[in-house]
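Here is the naming used below: chain letters follow the sequence lines, and residue numbers restart at 1 for every chain.
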Protein chains: 2
Amino acid sequence: MAAWVASTGPEHVIAGLVDELDRDFRRWESFDKSPRVASHTPFGVIELMPTSDHETYGFKYVNGHPSNPARGYQTVTAFGVLADVHNGYPTFLAEMTILTALRTAATSALAARALARPDSQVMAMIGAGSQAEFQALAFRTALGIDRLRVFDVDPDAVAKFARNLLPLGFTIEVTGSVAEALDGADIVTTCTADKARATVLADELVRPGMHLNAIGGDCPGKTELDAAILDRSAVFVEYTPQTRIEGEIQQRGDDFAVTELWEVLTERAPGRAGDEQVTVFDSVGFAIEDFSALRYVRDRVVGTQYAQQIDLVADPDDPKDLFGLVGAFSPVG
Amino acid sequence: MAAWVASTGPEHVIAGLVDELDRDFRRWESFDKSPRVASHTPFGVIELMPTSDHETYGFKYVNGHPSNPARGYQTVTAFGVLADVHNGYPTFLAEMTILTALRTAATSALAARALARPDSQVMAMIGAGSQAEFQALAFRTALGIDRLRVFDVDPDAVAKFARNLLPLGFTIEVTGSVAEALDGADIVTTCTADKARATVLADELVRPGMHLNAIGGDCPGKTELDAAILDRSAVFVEYTPQTRIEGEIQQRGDDFAVTELWEVLTERAPGRAGDEQVTVFDSVGFAIEDFSALRYVRDRVVGTQYAQQIDLVADPDDPKDLFGLVGAFSPVG
């Protein structure tokens with residue numbers, strides 16, 4: 001997967017994913033949808049995220065362990081599977097750690113293209129961790145934004161961010177605080193990993209007309225925004241039942257008004273109401289995004305050097321004689 | 001997997017699984033439990049079955065497509081994954097079609113060893129499909145039963161069953177009806193694949209003291225027993241919330257009394273109440289069984305010719321620099 005993304009170019013993959021996601025969000029109603037199935041532990045979470053469009057079934061396995069990097073592991077790893085709904089056979093298995101980062105960024109950019117002010121030029125980035133460069137590339141690809149104001153409590157993360165993106169032609173301003181990063185920004189991406197009720201963005205820093213791309217609040221007990229921001233903004237989500245459990249809006253009741261992104265893309269619901277409104281994309285990541293991404297990759301790698309055949313289905317000569325696969329060698333009892 | 005089971009011997013694997021399941025059922029309370037997540041279509045179902053004992057996480061992917069054999073495919077295929085709860089990394093991936101058959105049979109035998117009359121000698125088998133031989137082997141392994149009375153509407157299935165088991169030393173009586181098969185049986189295994197409310201066993205055929213091992217009723221709308229049988233039997237299940245949705249007891253209300261098998265094995269609840277009681281094991285298959293089976297196989301194949309290393313986790317030099325894996329090759333933007 002890493003080799004395929006590197007050879008294709010991550011910006012090219014993101015551009016393709018934005019289009020693929022756009023198509024799948026527009027046919028949102030044709031998918032089976034359910035909140036992901038999470039197994040929480042003191043150290044982190046392991047989740048399964050299934051969906052189906054009645055032709056293809058897909059699911060992703062993904063973990064989130066904030067203390068992993070300190071021990072030399074990735075915070076998030078993932079893999080995904082596609083299957084043929086008609087016979088139930090798995091057809092494609094792929095590592096998805098990088099693909100998850102790419103599809104998350106592509107979804108953010110798709111939302112911002114629909115919701116941010118069209119004249120947006122500068123993005124503040126709060127958090128310069130694993131997801132940050134992918135977000136930056138996606139916003140340049142989909143909205144043409146190449147001016148970034150970055151802040152992270154960890155100077156090493158900022159250095160890594162600059163090292164990766166400066167060669168790609170971004171203008172990057174390293175700032176000393178969240179307030180400084182937001183100064184003059186049209187779009188704010190929050191992308192932090194602490195599994196806590198944090199207030200990464202205080203209400204008073206958010207100015208009229210901003211679009212907030214809130215990525216990090218994505219599981220129960222993990223939020224990034226001052227709840228007062230939600231009260232004065234138009235809030236957009238992927239799949240409401242899951243976001244109420246996992247997103248920024250877990251800070252508000254079940255009657256808190258939100259709009260699903262697919263409704264905006266299909267013009268069933270309004271998006272931004274004028275240049276002064278604050279819009280929030282309360283992103284948690286939904287199974288359909290992984291489905292779109294997996295299918296996108298499958299369609300490009302199957303039959304190339306990047307895909308290999310693995311043996312994941314028992315294949316007896318007679319489909320009704322499973323025992324024949326193992327019984328021939330049995331000792332006579 | 002097929003090669004490993006064949007070389008180890010399916011009866012030997014089943015014996016090991018019965019012990020492993022017995023241990024895990026006895027520590028039932030230490031597992032996270034939830035009903036499986038099912039995606040139903042007109043053709044069948046695809047399910048994810050996760051569980052965790054807070055050290056190891058596991059899940060199984062499994063499909064059930066009754067019309068598959070007519071098209072040259074397996075009714076059921078499956079694969080499973082184990083992961084390390086501490087860092088969330090997947091550690092083991094295995095094909096599980098055969099293993100599912102083995103663990104289902106081992107669970108049935110474990111239940112029957114606890115619930116059937118100790119003097120049971122003859123088993124009726126209704127349904128001679130893919131699962132049938134595994135059930136027969138498991139009951140011989142765990143209860144010493146080698147006399148079988150088999151009935152299936154499909155004579156080819158019966159022929160396959162006899163062809164596979166006669167060389168293994170079973171005494172097999174092929175019968176012309178369900179009633180004839182049950183005549184003189186101590187244990188009855190129903191194991192049919194139709195996704196329908198069927199009455200494979202009529203109430204009047206079930207005699208006092210029988211143990212019914214009901215395997216086939218395992219998803220909503222799919223049952224095998226006359227509901228009147230349930231009303232006059234002691235019914236035992238794996239995990240009540242899932243069995244109420246999927247098992248024979250979906251024919252009765254949520255207040256229908258059942259006992260979980262682990263409670264019998266740990267002597268928290270009584271099992272059979274005398275030689276005249278009819279006992280029913282309303283088996284649907286639960287995630288912990290797959291977990292036990294996967295761990296059993298992992299502990300035996302890792303480091304042998306039957307296991308191979310696959311690359312399922314992105315592994316950047318710096319765990320915080322995921323982008324570094326793909327960015328180095330990017331064109332300057």
Can you tell which of A:Asp321, A:Thr97, A:Asp32 has the highest number of heavy-atom pairs within less than 4.5 Å of chain B? A:Asp321
Between B:Leu102, B:Val5, B:Ile46, B:Val85, the one whose heavy-atom pairs under 4.5 Å with chain A are most numerous: B:Ile46
Sequence neighbours left out, cut at 3.5 Å: what donor-acceptor pairs do the side chains of residues 69-76 of chain B make with other protein atoms?
| residue | atom | partner | partner atom | Å |
| --- | --- | --- | --- | --- |
| B:Arg71 | NH2 | A:His86 | O | 2.8 |
| B:Arg71 | NH2 | B:Asn68 | OD1 | 2.7 |
| B:Gln74 | NE2 | A:Pro319 | O | 2.9 |

Applying a strict 4.5 Å limit to non-hydrogen atoms, the region of B:Leu93 in contact with chain A is side chain
Evaluate the side-chain proximity of B:Phe161 to B:Met125: yes if any heavy-atom separation is below 4.5 Å, no if none is. yes
Pair A:Tyr306-A:Ser7, side-chain donor/acceptor within less than 3.5 Å: yes
Who wins among A:Lys160, A:Met1, A:Gln131, A:His12 for the most heavy-atom pairs under 4.5 Å with chain B? A:Lys160
Of the backbone (N, CA, C, O) and the side chain (C-beta and beyond), which part of B:Tyr89 lies under 4.5 Å from a heavy atom of chain A, both, or neither? both
Where does A:Tyr61 contact chain B at under 4.5 Å (heavy atoms): side chain, backbone, both or neither? side chain
Are the side chains of A:Phe59 and B:Phe59 in contact, using a 4.5 Å heavy-atom criterion? yes
Please enumerate all residues that pass salt bridge (Lys or Arg N to Asp or Glu O under 4.0 Å) together with B:Asp146, with sequence neighbours excluded. none
Hey, are the side chains of B:Arg140 and B:Leu168 touching, using non-hydrogen atoms and a 4.5 Å cut-off? yes
Heavy-atom pair count under 4.5 Å with chain A, highest-scoring of B:Ala157, B:Pro90, B:Gly129: B:Pro90
Region of A:Ala78 in contact with chain B, defined by heavy-atom distances below 4.5 Å: backbone
What is the minimum heavy-atom distance between B:Ala162 and B:Ile172, and which atoms define it? CA-CD1, 4.1 Å
Options B:Asn63, B:Val81, B:Thr77, B:Asn87, ranked by heavy-atom pairs under 4.5 Å with chain A, top entry: B:Asn87
